[in-house]
Every structure is written in C-alpha cells, then in structure tokens.
Amino acid sequence: MAFSLSISALLLLFLLSFSVTSLQQPTNGGPVIFNFGDSNSDTGGLIAGLGYTINPPYGRTYFHRSTGRMSDGRLIIDFLCQSLNTSLLAPYLDSLSGSKFTNGANFAIVGSSTFPKRIPFSLSIQVMQFLHFKATAGAKDLIDEEGFRKALYMIDIGQNDLAQLFSKNLSLTQITKKIPPITTEIKNAVKTLYDQGGRNFWIHNTGPLGCLPQKLSSVQQRDMDTYGCLSTYNAAARLFNVGLRHTCDEMRFELKDVKVVYVDVYAIKYDLIANSTKYGFTSPIMACCGNGGPPYNYNMRLTCGYPGSQVCKDTSQFISWDGIHYTEAANTIVASKILSTDYSIPPIPFDFFVRS
C-alpha cells in the first residue's frame, strides 16, 4: 500500500534503537523466519510502530478483529508459517504482543519500498532494525548464531517502488531504466544479511500491478489486456521480475553456501484473475470492501474501513479485498501454489529450511 510516511529524525532514532523487552526465553530449535517487505506481508507493524488505526471490517474473516493486516483475514506469510506449524510472525515493533520472538520477527511495514533509502520504513531501514534485533537477541541468548544461520530470510518488496514511479507520470521506458537500482537494493539487503550469517533466502517477485482495482479506477489512459488489467503497469511488473530473477541468479553465483529461492508470485496471481471462475471468484478486478460499486468499487477518497464504505457479503467470491490487497480466500490459493514449488526457482520446498 503506497503510503507516504513522514516521521521526525527523533522518532527514527527511537525505532532503530527499539529494545525487544519481551524477549525472555531461548529458542526451542523450531523454525526461525525473518521477513522484510510491505503491506503484502505486514502482520501489524504499522499500527504497532506508528499507532495508525486500521478499522474493521479488516480482519473479520479469521481473526474477527483488526490486527493491522491489510486483508479480511490471513496473509500469504501467515499461511506459510502455519504450514510449518509455527506461530504467526509478530511485528518487530510490537513490544506488547506477548511474543518472545523465538521464531523470528516481521520487519515488513505498510507502504515500504526500497527508495528513498533512509526513510522509514524502507528496506534498508528494516535491515538496520534486524541488525539491532540480532544484537539484542544474541545478548539475551534467545537465538544463537546457529539459529540465525539456519533461519529463513524472506523478502517481498517492490510493488510500492513501481507504483511511485507511475505516480510521477513516467513512461514505461523511463520506469524501465529505474528498475536496476531497485533490484540492487534488494541484493544489498541480502548481502548484509548474508554477512550476518544468513544463508537461506526466499524472495517473492511482485504481482500484476495493473490488475489492482486501485490502479484501474485512477488511471485515465486505458491500455487494457484481455482480462481488464492495465497492460503498461503489468509490463513494468514483469520487467521488474525479470531483473529480480537475474539478481537472484547473480547472488547464487557470487555468495558461497547460499540458497536463494525466487518465487514467481506474479504468475500465480495473474492466473487467479485470468481463470477466476475456475477458482470460484465472480469479481476478479472489483474490491470487496470500498466505495463506488462496479466495476472496481474503489474510491481513493473513501476507502475500506471508513464511514461510507461498503463491504461485500461473501468475501470468498472476491480476489481483491480493498482495491490493493488480496482477500484471505485469494491468499489461501496463492500460498498453496507457493508451497507446491511449481513457481519456485530452484524448486526447493518451503519446509526444506526447517528439515535442514
């Protein structure tokens, strides 16, 4: 979700020096996951770190309350954690969650991107927070060096970078030239985590940006594909994904004893839209929760959770929850396809990192 977060330097220093006061017990040897990203995998970091309010009906399907997740229920990362029979990842900034963070931490925050680099909560800031977490957790003997080495490091970011470039009215050619610095930032993050002992990396590419109701409702020039999505936006997403895949290939070659899994989330999500009826979705490019009605039910001045917005009765028939993020029903399918390894390069099972 493309928020513009303006925070004072004092708050930034506070966040970077955040002390995980609830860490108390050593790791039990179970799965350890560290996640970095944006609203696609934020499990409550925005409300914990900045006090933003995310109102119902967010969270209504599974949690029956708003948890800070930008969905009616679970996110993809929640399903991946549950596939390992481990606890859902707690936001790093949430000292009141009761989590002891022995199964890792989630640094993802709504609105995050790779650029600008030093603005909360860019990817580089999230990595800096991890460095502080590692020092804190190590000092308290919660996760030892072996635990950090065997941990799985997940990255899902880039959607907001592309959205920001389109918001500047750049052409596809201009946007294409700005993609390499974005993938380089992701590579820099991996290398920093690698230098800290990380060896297992799970990297999601970005989804079909041009199929989001938010974009469809706001763009004047229409270059639609067969399924009603914006061709130029999706072309940019695909170009970003080509660059990201190449970056992953480079890292496997350059870094010793590393495993880097590249996951084609774009292919999974686009398949949901292209074959929506096969999966039981009746409104593939319309938001379940929003304002304005068909065809997109998205109004940037009256978004989901605010008075005057409407929510659908049957979320299972919708792919899009609020015009930007997916419903739990869609996330369930995406997660199951990720777990199949059919979209992973190399095709390493998600639980491999636990078994190893």
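These numbers come from a predicted model, not from an experiment. All values below come from the heavy atoms of this structure, side chains included, with hydrogens, waters and symmetry mates left out.
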*For Phe148, is the NZ or CZ atom of Lys134 found under 6.0 angstrom from the centre of its six-membered ring and inside 45 degrees of the ring axis?*
yes

Donor-acceptor contacts, no H, no angles, side chain residues 284-291, under 3.5 Å, sequence neighbours left out:
unit_1, atom_1, unit_2, atom_2, d
Asn291, OD1, Asn299, ND2, 3.2
Asn291, ND2, Gly308, O, 3.3

*More than 12 heavy atoms of other groups within 6.0 Å of Arg245 CZ*: no

_Over 12 non-hydrogen atoms of neighbours within 6.0 angstrom of CE in Met224_ = yes

*Report yes or no: does Asn205 contribute a side-chain atom to a donor-acceptor pair with the main-chain N or O of Tyr266 at less than 3.5 Å?*
yes

*asked:* Under the disulfide bond (SG atoms under 2.5 Å apart) definition, can you give me all pairs with a residue in residues 178-215, not counting sequence neighbours?
replied: Cys211-Cys229

_N/O donor-acceptor pair under 3.5 Å between Gln126 side chain and Gly37 backbone_ = yes

*Just jot down the salt bridge (Lys or Arg N to Asp or Glu O under 4.0 Å) partners of Lys177, sequence neighbours excluded, or say none.*
none

*Give a yes or no on whether Lys278 atom NZ has more than 12 heavy-atom contacts from other residues, nucleotides or ligands under 6.0 Å away.*
yes

*Going by the angle between their ring planes, with limits at 30° and 60°, are Tyr153 and Phe36 parallel, tilted or perpendicular?*
parallel

*Could Lys215 and Phe166 be counted as a cation-pi pair, given that NZ or CZ must be under 6.0 Å from the ring centre and within 45° of the axis?*
no

*So, Arg149 and Glu145, do they make that salt bridge, N to O below 4.0 Å?*
no

*May I have the step-by-step check of side-chain hydrogen bond (donor to acceptor under 3.5 Å, both in side chains) for Ser71 and Arg69, ending in yes or no?*
CA-CA 6 Å; Ser71 178; Arg69 290 167 173 80; over 6 Å; no

*Does Gly210 offer a backbone N or O that forms a donor-acceptor pair with the side chain of Asn234 under 3.5 Å?*
yes

